[in-house]
Amino acid sequence: MMKKKTKVFWLTAAALVFLAGAAVPPAMAYFTTYVEAEGGYPITLGNETTIEEKVENMEKHIVLTNTGESDCFVRVKVFAGSQITLTMSGSSWNQGEDGYWYYSDIVPVSGNTEELLAKIAIPEEYKESFNVVVVQECTPVLYEEDGTPYADWNRIADTRTDIGTADAREAGEE
């Protein structure tokens, strides 16, 4: 009887080892499948701008700089709590119906916008802890057939042409 139990034990152990051995290669393949790539290709998803914000005497001075490789249009949206009153002003800035402030001129490469000023009015009880957030966006300058520049704020980037190669032959669209 003891010999039979030992034999069943070893047969069960051998079957488990066999099953485990059969399952390891697919599992290893699953956990080790990856691709390595060397080198690279710089990807830019459009224009790039930086923002400079200074706060002096409860006024936020906002200036954008075009750090991209082509001219662009810019817009800014300023957020604050409901207790805070913001008064915006700037000679080349216009408020849109969507709450953004649009810079009316094209911002050339390495160029700056004129200052957008946000005057901040806060009740005394909130003066120690408040935040005024500025969100800025840019879009490339596009041109009508007659050469008139315009901004398309709803344009979706075509990754085949907008990043890297702008030549249709290289993108395979001959």
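Because the structure is predicted, anything quoted here is derived from the model rather than measured. Residue numbers run from 1 in the order of the sequence given.
- Here the side chains of Tyr103 and Asp105 are in contact, with some heavy-atom distance below 4.5 Å.
- In terms of modelled atom types and a separation under 3.5 Å, the side chain of Thr12 and the main chain of Val8 share a donor-acceptor contact.
- In this structure, the separation between CD on Glu59 and OG1 on Thr87 is 10.0 Å, given to the nearest 0.5 Å.
- Side-chain contact between Leu64 and Asn112 is absent, with no heavy-atom pair separated by less than 4.5 Å.
- Pro140 and Arg155 get closest at one heavy-atom pair: CG-NH1, 3.5 Å.
- Grouped by direct or indirect side-chain proximity (heavy atoms under 4.5 Å, Ile/Leu/Val/Met/Phe/Trp/Tyr only), Val141 sits with Phe73, Tyr100, Tyr102, Ile106, Tyr143, Trp153.
- Under the 4.5 angstrom side-chain criterion for Ile, Leu, Val, Met, Phe, Trp and Tyr, Val109 has no cluster partners at all.
- When side chains are defined from C-beta on, Lys119 does not count as touching Leu86, because their heavy atoms never get closer than 4.5 Å.
- The minimum heavy-atom distance linking Met88 with Ala118 is given by the pair SD-CB, 3.4 Å.
- The heavy-atom pair separating Val63 from Thr113 by the smallest distance is CG1-O, 3.6 Å.
- Distance check, rounded to the nearest 0.5 Å: OG of Ser110 to CG of Asp71 gives 10.0 Å.
- Considering every non-hydrogen atom in both Cys72 and Asn66, the closest pair reads SG-ND2, 3.5 Å.
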> What do the steps show when you test Val132 against Phe79 for side chain to side chain contact (heavy atoms under 4.5 Å, CB included), and what is the final call?
Replying inline: CA-CA 6 Å; Val132 176; Phe79 297 93; over 6 Å; no
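- For the pair Trp101/Arg75, no side-chain contact is recorded, criterion being any heavy-atom separation below 4.5 Å from C-beta on.
- When hydrophobic side chains of Ile, Leu, Val, Met, Phe, Trp and Tyr are connected at separations under 4.5 Å, Leu117 ends up as a singleton with no cluster partners.
- With salt bridges taken as basic N to acidic carboxylate O contacts below 4.0 Å, none links Lys77 and Asp98.
- Taking the side chain as every heavy atom from C-beta outward, Val76 and Val135 never approach each other to under 4.5 Å.
- Both Val74 and Ile51 are assigned to one and the same hydrophobic cluster, defined by single-linkage of ILVMFWY side chains at heavy-atom distances under 4.5 Å.
- At a threshold of 4.0 Å, the pair Lys54-Glu52 counts as salt-bridged, since one of the basic side-chain nitrogens sits closer than that to a carboxylate oxygen.
- A donor-acceptor contact under 3.5 angstrom links the side chains of Gln136 and Thr49, judged on distance only.
- Grouping Ile, Leu, Val, Met, Phe, Trp and Tyr by side-chain contacts under 4.5 Å, direct or through others, puts Phe9 with Trp10.
- Glu114 pairs by the salt bridge (Lys or Arg N to Asp or Glu O under 4.0 Å) definition with nothing, not counting sequence neighbours.
- Note: Asn57 CG to Ile120 CD1 = 10.5 Å, rounded to the nearest 0.5 Å.
- We find the CD1-CD distance between Ile62 and Glu53 to be 6.0 Å, quoted to the nearest 0.5 Å.
- Every residue meeting the side-chain hydrogen bond (donor to acceptor under 3.5 Å, both in side chains) condition with Ser70, not counting sequence neighbours, appears here in chain and number order: Asn47.
- Between the CE atom of Met58 and the CD1 atom of Ile84 there is a distance of 7.5 Å, given to the nearest 0.5 Å.
- In plain terms, the two heavy atoms of Ser89 and Leu116 that are nearest each other are O-CD1, 3.4 Å.
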